[in-house]
Amino acid sequence: MAHIERRVRNGKVSYRARYRDPAGHERSKSFRRKVDAERWLADIEHAKTRGAWTDPALGKVRFSDWLMAWWATTTNLRPSTRARDEMALRLYALPRFGDMPLATIRQFEVRAWVADLSARSLAPATVVKAYQLFGKVMAAAVDAGYLAQTPCRNVPLPRIEREEMRFLTPTEIVTLAGTIRPIYRALVFTGAYGGLRIGELAGLRRRRVDLLRGTVEVAEIITEVSGRLHVGLPKTRASRRTIGLPRFVIRELEAHLGSNTDPDSYVFTAPQGGPLRIIAFRNRVWRPATKTAGLDGLRIHDLRHTAVALWIAAGASPKEVASRAGHTSVSFTLDRYGHLYPEADTILRDRLDALHATARPTEGVVVNLSRQRPAT
């Protein structure tokens, strides 16, 4: 049971508060004033009752040591995600918190850190991502019993202004396809009308292309991290999908594939063969082609945005767009591309008007067709 004992040494009075932790081990701490000892014991007992008690020794572990231990147990990360997260923590979190014991990192320190990152002219998205990763690490410390609560709470974050998307017209698509190296002509059309991500285009194999049905199946992706290629599954379950393509795109694919019937071969390869290296493709093929086509600054991912815009222009519903794009929810599609549906309300009202125009009163029922307002 918790208790306080009065001690006198060399004429000085102190008060030692003693208690047993949840494991039954006795712990103690000395105070100069009895009221402080009582307050501390009350806090300890309250924390034990709520199941929020933590070993003070664990709170002394440095953030850098905890990060190393936590990182070693982190699984199910794609290589590109792991590399990105590791770099963000190394660049932004470790310099500020690396030498600090976990228990000394307070909410205000985190708040000041976020403000400092913002003042360094980092992109808001970078600041938010760094904070989210740091918060994940600290939340894991709470789960592991190192901390009673995370300091990452109620911290104001910079607002992320959505980057303006760029869409190509069909004429611009044809122009780009005509200026890029011929072996990537079909890639441009497949990306602009099928909405595949560049990693999905790079990972597309011959057996995933059905020329008779006019479809491609997204089942594998290629990512490049530190010069190494990684073949894996798509980002989410929704990302694994089958996409129907316009007939002219299928004809482009058919011409591109020629007599290639090897089911395991990649549809789009590096210029000298082998898997497509995305970074080299962007620098050596894509950028020169976009500049020649008068589309300087166009990103490869803008092909995907273009596909969504074309689907919407062709009358695809949000659900159809979400399915074709591999989005996890329709709400994400509307949040990202809802502004491309400016005429949706007008079309809906026109359809309601059309339904009303066909309505006729029930035969034999006397109706009042007057539009005059009743007297007031």
message = Against V128, only a single residue in L133, L122, I160 fulfils side-chain contact (heavy atoms from CB on, under 4.5 Å); can you say which?
response = I160

ask   = Would you call the rings of W66 and Y146 parallel, tilted or perpendicular, where under 30° means parallel and over 60° means perpendicular?
value = tilted

note = Rounding to 0.5 Å, atoms CG (L41) and OH (Y15) come to a distance of 14.0 Å

key: E200: which of E220, R241, K235 passes side-chain contact (heavy atoms from CB on, under 4.5 Å)   = R241

task = Output yes when D302 and R166 qualify as a salt bridge under the 4.0 Å nitrogen-oxygen rule, no when they do not.
result = no

message = Just to verify, what does S329 make a side-chain hydrogen bond (donor to acceptor under 3.5 Å, both in side chains) with, not counting sequence neighbours?
response = S331

ask   = Would a distance-only check, ignoring hydrogens and angles, find a side-chain to backbone donor-acceptor pair under 3.5 Å from T292 to P288?
value = yes

inquiry  = For Y92, is there any backbone N or O sitting under 3.5 Å from a side-chain donor or acceptor partner on W113?
reply    = yes

inquiry  = Looking at R247, I want to see if its CZ is surrounded by more than 12 non-hydrogen atoms of other residues, nucleotides or ligands under 6.0 Å.
reply    = no

query = If only atom types and distance count, is the side chain of T179 paired as donor or acceptor with the main-chain N or O of T175 below 3.5 Å?
reply = yes

task = Taking ring-ring contact (aromatic ring centres under 6.0 Å, His included) as the test, write out the residues that go with W311, two or more places apart.
result = none

query = Measuring from S239:OG to R197:CZ, what's the distance to the nearest 0.5 Å?
reply = 4.0 Å

Approximate separation, where rounding is to 0.5 Å, of L187 CG and I180 CD1 = 6.5 Å

inquiry  = Can you give me the closest heavy-atom contact between P263 and R205, atom names plus distance?
reply    = O-CB, 3.8 Å

ask   = Hey, what do you get for OG1 (T333) to NZ (K319), rounding to the nearest 0.5 Å?
value = 12.0 Å

query = So, the side chain of S323 versus the backbone of E320: is there a donor-acceptor pair under 3.5 Å, distance only?
reply = no

request  = For atom CZ of R9, decide whether the heavy atoms of other residues, nucleotides or ligands shown that lie under 6.0 angstrom number more than 12.
outcome  = no

key: Electrostatic pair E161:R159 at N-O distance under 4.0 angstrom   = yes

ask   = Do R287 side-chain atoms and R284 backbone N/O form a donor-acceptor pair below 3.5 Å?
value = no

request  = Please confirm whether the backbone N or O of Y266 pairs with a side-chain atom of T269, one donor and one acceptor, at under 3.5 Å?
outcome  = no

ask   = Which residues pass the ring-ring contact (aromatic ring centres under 6.0 Å, His included) test with F248, sequence neighbours left out?
value = F189, Y193

ask   = Do Q107 side-chain atoms and N154 backbone N/O form a donor-acceptor pair below 3.5 Å?
value = yes

inquiry  = Check this for me: R213, atom CZ, are more than 12 non-hydrogen atoms of other residues, nucleotides or ligands nearer than 6.0 Å?
reply    = no

ask   = At their closest point, which heavy atom of P151 faces which heavy atom of I105, and how far apart are they?
value = CB-O, 3.4 Å

task = For R304 and I198, indicate whether the former's side chain and the latter's backbone hold a donor-acceptor pair under 3.5 Å.
result = no

ask   = Ion pair present between R240 and E217, side-chain N to carboxylate O less than 4.0 angstrom?
value = yes

task = Establish, yes or no, whether the cationic atom of R299 lies under 6.0 Å from the six-membered ring centre of W286 and within 45° of the ring axis.
result = no

ask   = Is there a donor-acceptor contact under 3.5 Å from the side chain of E252 to the main chain of V249?
value = no

ask   = CD/E86 to CG/L67 distance, rounded to the nearest 0.5 angstrom?
value = 8.5 Å

ask   = Would the F268 and F281 ring centres measure less than 6.0 Å apart?
value = no

message = Hydrophobic clustering (ILVMFWY, side-chain heavy atoms < 4.5 Å, transitive) - are V231 and L233 grouped together?
response = no

query = Parallel, tilted or perpendicular: which fits the ring planes of H305 and F167, with parallel below 30° and perpendicular above 60°?
reply = perpendicular

task = Kindly compute the distance separating OG (S80) from CD1 (I278), expressed to the nearest 0.5 Å.
result = 9.0 Å

ask   = In terms of hydrophobic clusters joined by side-chain contacts under 4.5 Å, are L117 and L89 together?
value = yes

request  = Of all the heavy-atom pairs spanning L245 and G194, show the shortest one and how long it is.
outcome  = CD2-CA, 3.5 Å

